[in-house]
Number of protein chains: 2
Amino acid sequence: MTDPNVRPTRAQQRRQTEEGILAAARRMFAELGYDRTTIRAVAKAAGVDAGLVMHYFGTKDELFSRAAKLPPDDLPGGTAEQVAEALLTSLAKRLDSEPVASLAVLRSMLTNADAANRYRAAAEPQLSQITAAIPSDDAELRASLLSAIVHGVIIERYLLRLGRLADASPEQIVDLLRPCFQTLATAPSPASRPSGDG
Amino acid sequence: MTDPNVRPTRAQQRRQTEEGILAAARRMFAELGYDRTTIRAVAKAAGVDAGLVMHYFGTKDELFSRAAKLPPDDLPGGTAEQVAEALLTSLAKRLDSEPVASLAVLRSMLTNADAANRYRAAAEPQLSQITAAIPSDDAELRASLLSAIVHGVIIERYLLRLGRLADASPEQIVDLLRPCFQTLATAPSPASRPSGDG
DNA sequence: CACCTCAGTCAACGGCCGTAGAATGAACGG
DNA sequence: CCGTTCATTCTACGGCCGTTGACTGAGGTG
């Protein structure tokens with residue numbers, strides 16, 4: 001096997017080099033964020049000249065845009081209970097290994113408008129899917145809270161690497177969160193305070 | 001009234017200018033993060049020369065350090081239930097208005113090591129306080145999850161300004177989260193899956 | 001073979017940044 | 001009133017960055 005083409009064709013070579021640049025870019029964007037990642041450093045990590053990166057991608061923004069293309073993560077519909085469980089399953093998978101491109105977006109979203117929009121664009125369909133499944137006036141808010149929990153956990157695990165969250169098993173985390181998710185997705189709204197009026 | 005000293009003393013003037021610089025720095029760090037905030041821009045916003053900022057603070061890092069000094073946010077101890085409720089109260093207050101210095105830290109913590117450390121240092125005492133109150137083997141993980149939820153909500157509300165989370169009332173958010181917090185703080189660990197063995 | 005295409009390099013430019021240091025002039029202290 | 005301190009400004013340096021455009025040489029094509 002090894003390779004029938006000892007010398008790769010020009011198109012192959014190009015695609016391979018481009019892939020190498022994108023991989024290096026993804027790694028650096030995920031580790032350092034948009035601003036602190038320099039085209040020169042990406043080029044060096046990919047073993048090419050900085051001019052080549054410009055030649056292929058035109059712009060640092062375009063490079064980020066290509067490197068940070070997110071895999072769609074749509075959960076199946078169903079009852080609120082099922083959607084909550086699907087969200088937990090999706091979370092478990094992400095806690096097992098989160099795609100580097102997604103980490104690149106998360107790392108940069110607080111300081112780069114494009115990354116923030118990309119995050120919003122990825123979160124929105126999930127949000128409306130969850131919202132649609134929750135039979136409640138405040139379904140939208142509940143969905144937003146579920147999203148905030150998911151992202152809070154992922155940020156602390158991968159980006160801040162906070163103590164227990166960084167090394168706990170996905171199953172343990174998901175099991176602890178399950179009642180939260182089910183409550184948020186299905187329980188009726190509380191009247192007000194628990195120790196307020198009667 | 002107005003002012004007995006028509007001309008402020010030199011020390012007063014200095015403190016006032018320094019305060020102005022710090023306020024401008026806080027605003028910009030909170031809005032743009034560490035990297036995209038420039039000393040020159042802070043100086044201009046404060047109406048002084050960039051050299052003066054250096055003269056007073058020595059270094060951009062030191063300026064950030066001074067601008068991002070967090071007010072301590074220690075919750076009272078007690079039973080797990082009480083601690084969970086205290087955490088909710090603290091969250092409600094932060095959802096009502098989060099100090100700009102805190103937003104500066106949150107905005108920068110994913111791309112600046114100093115901000116990340118500052119965040120960790122602020123979160124740690126709360127974490128151990130919560131951990132101490134939870135009677136469970138996985139108390140540390142539960143505390144981490146509570147922390148992740150709090151910060152996820154605050155990030156989406158103030159930094160990403162996501163739909164419903166950005167404009168919902170603190171009470172509404174806290175009421176929805178209350179069962180989550182109580183469960184995480186007090187419920188026993190689940191055995192494994194809900195639909196697994198008997 | 002001659003020609004064109006194109007992956008890849010190299011050197012440079014203009015800009016912005018953090019920072020340094022000298023200069024100024026008003027407030028202070030004797 | 002004089003000398004000192006010090007708040008404040010101005011100018012400049014060196015560095016890194018994104019980006020450009022000319023160049024090189026091997027690959028494809030007729």
Show me the pairs that pass side-chain hydrogen bond (donor to acceptor under 3.5 Å, both in side chains) and involve residues 55-68 of chain A, at least two apart or across chains.
A:E18-A:R66, A:Y34-A:D61, A:S65-A:R118

Whole-Å gap separating P (D:dG27) and CZ (A:R10):
8 Å

Once side-chain hydrogen bond (donor to acceptor under 3.5 Å, both in side chains) is applied, what residue pairs with a partner in residues 158-168 of chain A remain, sequence neighbours excluded?
A:R164-A:D167, A:R164-B:E140

A:S147 meets the side chain to side chain contact (heavy atoms under 4.5 Å, CB included) criterion, sequence neighbours left out, with A:Y119, A:L127, A:H151, B:E156

What residues in residues 28-42 of chain B put a non-hydrogen atom under 4.0 Å from any atom of DNA chain C?
B:T37, B:T38, B:I39, B:R40

B:D49: partners by side chain to side chain contact (heavy atoms under 4.5 Å, CB included), with sequence neighbours left out:
none

List for me each residue that meets salt bridge (charged side-chain N to carboxylate O under 4.0 Å, His left out) alongside B:E81, sequence neighbours excluded, and say none if there are none.
none

Atom NZ of A:K44 to atom P of C:dC10: distance rounded to whole Å?
13 Å

At less than 4.0 Å, is any side-chain N or O atom of B:Q13 found next to OP1 or OP2 of D:dT8? Yes or no.
yes

Does any residue of residues 51-64 of chain A have a heavy atom under 4.0 Å from DNA chain C, and if so, which ones, in number order?
A:G51, A:L52, A:Y56

For B:A86, side chain to side chain contact (heavy atoms under 4.5 Å, CB included) partners two or more places apart
B:L75, B:P76

Are the charged groups of B:K93 and B:D96 less than 4.0 angstrom apart, N to O?
no

Taking 4.0 Å as the cut-off, does a side-chain nitrogen or oxygen of A:R14 come that near to OP1 or OP2 on C:dA7?
yes

Between P of C:dG8 and CD of A:Q12, the distance in whole Å:
13 Å

Counting only side-chain N and O atoms of B:T9, is one of them less than 4.0 Å from OP1 or OP2 of C:dA27?
no

With sequence neighbours left out, the residues meeting side chain to side chain contact (heavy atoms under 4.5 Å, CB included) with B:Q172 are A:D138, A:L141, B:A168, B:S169

Atom pair distance, as rounded to whole Å: CZ in A:R15 and C1' in D:dG27:
18 Å

